[in-house]
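The structure appears below as structure tokens.
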Amino acid sequence: MRVRITEYLDIDLERELWCCNRCGGDLISAREPYKRGCLLHERDPREIHKPISDHPVFNYSFDPDWVRIIEFYCPHCGVMVENEYLPPGHPLTNDIQPDIDALKRKHAGGGTS
Amino acid sequence: MTSLKDQIKLHEGLVYDRHAYGKGPGWDPELIVEKAAEPSPIEKEGYDLLSDVELEIFYHKMLTIVEEAREVWQNLSISDIILAGDMSTAIFTPSGDLAVASTGIHFHALLNYAQSKFILKYYRDDPTVGLNEGDIFFFNNPLAGSTHAPDMFTAMPVFHEGELVAWAEVGGHQGDCGSVSPGGFNPYATSRFEEGFHMAGVKIGENFRIRKDMLDYLCGSVRNPFVFAVELRSRVATCLRMRDRILREVERRGPAAVSGGLRRLIDRSSELASDRLRQINDGVYRSILFNDTIGAEKGLVRIPVTVIKEGGEMTILVQGVSPPNGKGPVHATWHLVRASQAVYLFAYFFRGLMPNVGLFEPLTFLIEGPSVANSPEDVAHTEGTIISAAVVQSFHIIGSKMLFDSPFRENVSAPFSRNMVALVFYGSNLFGYRATGITSTGNGAGQGARFDGDGEHSTGFYWASMTDAGEVEEFDARYPFTIVARGLLGTDYHGFGMYRGGSALIEVSMAYPNPVVMTSWGTSDVISHNPGLFGGYWGPPNPRLTITKNDALKLMAEGALPELTHHSLAAERRLGGEYAFESSSVNPKEFEIGDVFLCDTGSGGGYGDVLERDPEAVMTDVREGMISAAVASRVYKVVYDEETLRVDHAGTEALREEERQARIARGKSFDDFIGGWLTQKPKEHLLIYYGDWPDPRVPGYDKPFWGEHD
């Protein structure tokens, strides 16, 4: 049975796996951070947010000295599962750690979420 | 089995469940961190007097009272910030806990209990103060439970035949408080002693009247005495109206039924909050934001949030926060961080439940101190809302991740925009009296994108969604400036995604008809506090722009003023003049007649992968000026005819598939990525106020994910 946890992530409860909601591909154990099962790419934020003014610093875009974008892709279909805006080198965010045992108990009767 | 909550490891030598400062004259933080008080004898006596049906009717009666009071205050007020709804009116139990709150700033109502409880414990039986019918109390001291000194609160006990049956209380942003900077905000303050007067539960009136000596003292301490006096009288009149209405209910139902009923409303909210929590998946959830300033100086500041949800309870852990710096006013207090969460909880997470302190009963707050989130006593506090709002933004992201797989998915969204650049003006207005304060343009924040649609434009105030952004004519009359243009257009100035963030209301104002003094403060010059959700990109940063020595007045006289939007000024410089793009935190400066200012709160973050946005919606964005043609093709990967804006659907799908394959090709596995990533570090001059890198409290932290303290 699969439970949809986010826009792009399901958990297969029997196999205890994070899966892509779009293509169904397996990512990694549901007891691990799903980000370990993704492909990661670091971006200069100005690639997405082009500076609006011509000022070198205060231009309505992000300063790459302060922040970078990390994009997390499904390795099977390339959908962007999530992103993070972090200072360069800052540890990543383990943003969702579901209690898998509690989730299994909740869905023990079967059905879909 | 170890509970999730038991896995929390707090750092030794720091405090989490209380303030980082102790008791002082007029404040007792032990009272502030307490949950709802034990019911008083009259609350116990009346607890079961109302049936469930009568309780529901009673609640709506009480709600009518506070909503009427809100209208009373707005009708009496001459302060734009109150007219726009940045305030609260509320009824408290005899024990001093919030039972019924009007729409407006709920978190203000969640702070007012501090003064009632202090008065009950320390002043009620003190022969030099006492607590009597007709008393009027006032407080604004952040150490005693206020937000910051410019937010001011008034309380009136409600007695019936000598017995305390309730409290009627109001709170709102007043503005000038005698701070070094006009309007109360001082980005250069390094201690609370530069932030104006601090009053804590002071009795300013007796027998239902404000004491003349106290009124003179207060008005003599601020730059806008006329406005201040009118506002204070409006507050007292509002409390009086609530008192009258409460007493009618007392006469109808009896004092015990009213006091007990108020208390039962709190317990009912608590039960409903726990019920809702039990319907949400257990787990540990995290989100993190950073700030780029401590006030006058730039510097990276870390604000991480961890939420542990288990059964009917939830713990909010703010750990690994940058230490206090004593160099600026960006310091929050324990109670401010807690109360601020009502912004998200009441409007989204617990939407539909009675907004009172009962919704906080199943929650435990652990806020690390001393830190910028739980500051020590003597630091400056005025911009502590930057920190507490950052916690709210992260909580909003976390809450959306919790609610997606729940019966409450309708509440899933990216947060409201909160990239504040607050312009604080001081000068003479059209009526000829001195006025100072921030504009209500911040009330037109852009909504974050939702799970099923784009964020709405100019939806409301970040702190209180049920507000408006004020009338231009009111601004022109009451403030020492004139609004030249207001609109939504900020091209490429929101978060992109499957659903895009909403645009903030953008205001272009001018020093006119007199010169003005203006200072400003803000949150997001080179980073952002407007996150996206599930792969949506963020709303971009929001520095300050002023245009001096410009030709606006000349063009207006000629009837040739161009359309003034964010894009036409920041990108195209359609006005002639000297453009100053700079940090939002700037000391007071005098501006000449005709000088122009740009003001907004940035725009909401996006939701979902940009490659999943309906190409026709992308064309609508181009047509409406929300995005440029470059973003349509470069970010959204839409193929279209540049003249007709007709979408080539087959070409778009092919280009998007090409991009998905390009992502797979350029993406690295976690193990290949993380080693190189963790060797990077921001430049040292950005980390002066950060603490240890990357975890301010754990020297040498080297794990790939933050918050793992095993």
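Naming: A, B, ... by sequence-line order, numbering from 1 per chain.
- Judged by distance alone, the side chain of B:Arg663 and the main-chain N or O of A:Gly78 form a donor-acceptor pair under 3.5 Å.
- Between A:Asp95 and B:Lys401 a salt bridge is recorded (basic side-chain N to carboxylate O distance below 4.0 Å).
- Using a 4.5 Å cut-off between heavy atoms, B:Ile527 contacts chain A through both its backbone and its side chain.
- Expressed to the nearest 0.5 Å, how far CG of A:Leu39 lies from CG of B:Asp672 amounts to 10.0 Å.
- Of the residues considered (B:Leu686, B:Val412, B:Asn542), B:Leu686 shows the highest number of contacts with chain A, using heavy-atom pairs under 4.5 Å.
- Expressed to the nearest 0.5 Å, how far CG of A:Asn59 lies from CG of B:Asp525 amounts to 11.0 Å.
- Separation of atoms CG (B:Asp405) and CG (A:Asp10) is listed at 9.5 Å; rounding is to 0.5 Å.
- Between chain B and the options A:Ser53, A:Cys74, A:Ala102, A:Pro88, the largest number of non-hydrogen pairs under 4.5 Å is found for A:Pro88.
- Evaluation of the ring-ring contact (aromatic ring centres under 6.0 Å, His included) rule for B:Tyr493 yields A:Tyr60, B:His566 as partners, not counting sequence neighbours.
- A:Trp66 places a side-chain heavy atom less than 4.5 Å from the side chain of B:Lys298.
- Closest of all the heavy-atom pairs between A:Asn94 and B:Arg286 is O-NH1, 3.1 Å.
- Residue A:Ser61 touches chain B through its backbone alone, counting heavy-atom pairs closer than 4.5 Å.
- Listed here is the closest heavy atom pair of B:Arg660 and A:Cys77: CD-O, 3.3 Å.
- Put simply, CD1 on A:Ile52 and OG1 on B:Thr491 are 7.5 Å apart, with the number rounded to the nearest 0.5 Å.
- Under 4.0 Å is where a charged nitrogen must lie from a carboxylate oxygen, and between A:Asp54 and B:Arg573 at least one such pair does.
- Every residue two or more places apart in sequence or in another chain that forms a ring-ring contact (aromatic ring centres under 6.0 Å, His included) with B:Phe395 is listed here: B:Tyr344.
- Interface summary for chain B: among A:Val67, A:Ile96, A:Thr6, the most heavy-atom pairs under 4.5 angstrom belong to A:Thr6.
- Proximity to chain B is limited to the side chain of A:Leu103, based on heavy atoms less than 4.5 angstrom apart.
- By number of non-hydrogen pairs under 4.5 angstrom with chain A, the leading residue of B:Phe673, B:Phe404, B:Phe451 is B:Phe404.
- Residues A:Arg36 and B:Pro704 are in side-chain contact: their nearest non-hydrogen atoms beyond the backbone lie under 4.5 Å apart.
- Nearest approach of B:Gly535 to A:Glu82, heavy atoms of both residues: N-OE1, 2.9 Å.
- Taking each heavy atom of A:Lys106 and B:Asn281 in turn, the nearest pair found is NZ-OD1, 2.7 Å.
- Comparing B:Met498, B:His567, B:Glu657, B:Arg656 by how many heavy-atom pairs each has under 4.5 Å with chain A, the most go to B:Met498.
- Residue A:Glu47 touches chain B through its backbone alone, counting heavy-atom pairs closer than 4.5 Å.
- Residue contact with chain A, scored on non-hydrogen atoms closer than 4.5 Å, involves the backbone and the side chain of B:Phe534 alike.
- Chain A forms more heavy-atom pairs under 4.5 Å with one residue of B:Arg302, B:Arg666, B:Lys681 than with any other, namely B:Arg666.
- Chosen from B:Gly536, B:Ser400, B:Gly532, the residue pairing most often with chain A at heavy-atom distances under 4.5 Å is B:Gly536.
- Top candidate by heavy-atom pairs under 4.5 Å with chain A, chosen from B:Tyr579, B:Phe496, B:Tyr701, B:Tyr607, is B:Tyr607.
- The contact between A:Phe62 and chain B is made by backbone and side chain atoms together, counting heavy-atom distances below 4.5 Å.
- B:Leu569 does not touch chain A: none of its heavy atoms, backbone or side chain, sits under 4.5 Å away.
- Partner A:His90 forms a ring-ring contact (aromatic ring centres under 6.0 Å, His included) with one of B:Tyr690, B:Trp677, B:Trp693 and no other, that one being B:Trp693.
- For A:Val57, the parts lying near chain B are the backbone and the side chain together; criterion is any non-hydrogen pair under 4.5 Å.
- Neither the backbone nor the side chain of B:Glu572 comes within less than 4.5 Å of any heavy atom of chain A.
- Proximity to chain A is absent for every atom of B:Leu611, based on heavy atoms less than 4.5 angstrom apart.
- A:Leu86 touches chain B through backbone and side chain together, each having a heavy atom under 4.5 Å away.
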Please determine whether side-chain contact (heavy atoms from CB on, under 4.5 Å) holds for the pair B:Glu612 and A:Val79, giving the CA-CA distance in whole Å, both sets of side-chain angles, and the decisive distance to 0.1 Å.
CA-CA 9 Å; B:Glu612 296 195 340; A:Val79 74; 3.7 Å; yes
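- Per-residue heavy-atom pair counts under 4.5 Å with chain B were compared for A:Ile100, A:Ile28, A:Asn83, and the maximum is reached by A:Asn83.
- Of the two parts of B:Val635, only the side chain, counted from C-beta on, holds a non-hydrogen atom closer than 4.5 Å to a non-hydrogen atom of chain A.
- Only the backbone of A:Pro75 comes within contact range of chain B, judged by heavy atoms closer than 4.5 Å.
- Contact of B:Tyr537 with chain A is made through backbone and side chain together, with heavy-atom distances under 4.5 Å.
- Rounding to the nearest 0.5 angstrom, the gap separating the OH atom in A:Tyr85 from the CD1 atom in B:Ile288 is 16.0 Å.
- B:Phe705 places none of its side-chain heavy atoms less than 4.5 Å from the side chain of A:Thr93.
- Across every non-hydrogen atom of B:Pro682 and A:Pro87, the tightest pair is CG-CB, 4.0 Å.
- To the nearest 0.5 Å, atom CG of residue B:Asp292 and atom CG of residue A:Asp63 are 9.5 Å apart.
- Of the atoms belonging to B:Ser287, it is backbone heavy atoms, and not side-chain ones, that fall under 4.5 Å from chain A.
- For B:Ser583, the parts lying near chain A are the backbone and the side chain together; criterion is any non-hydrogen pair under 4.5 Å.
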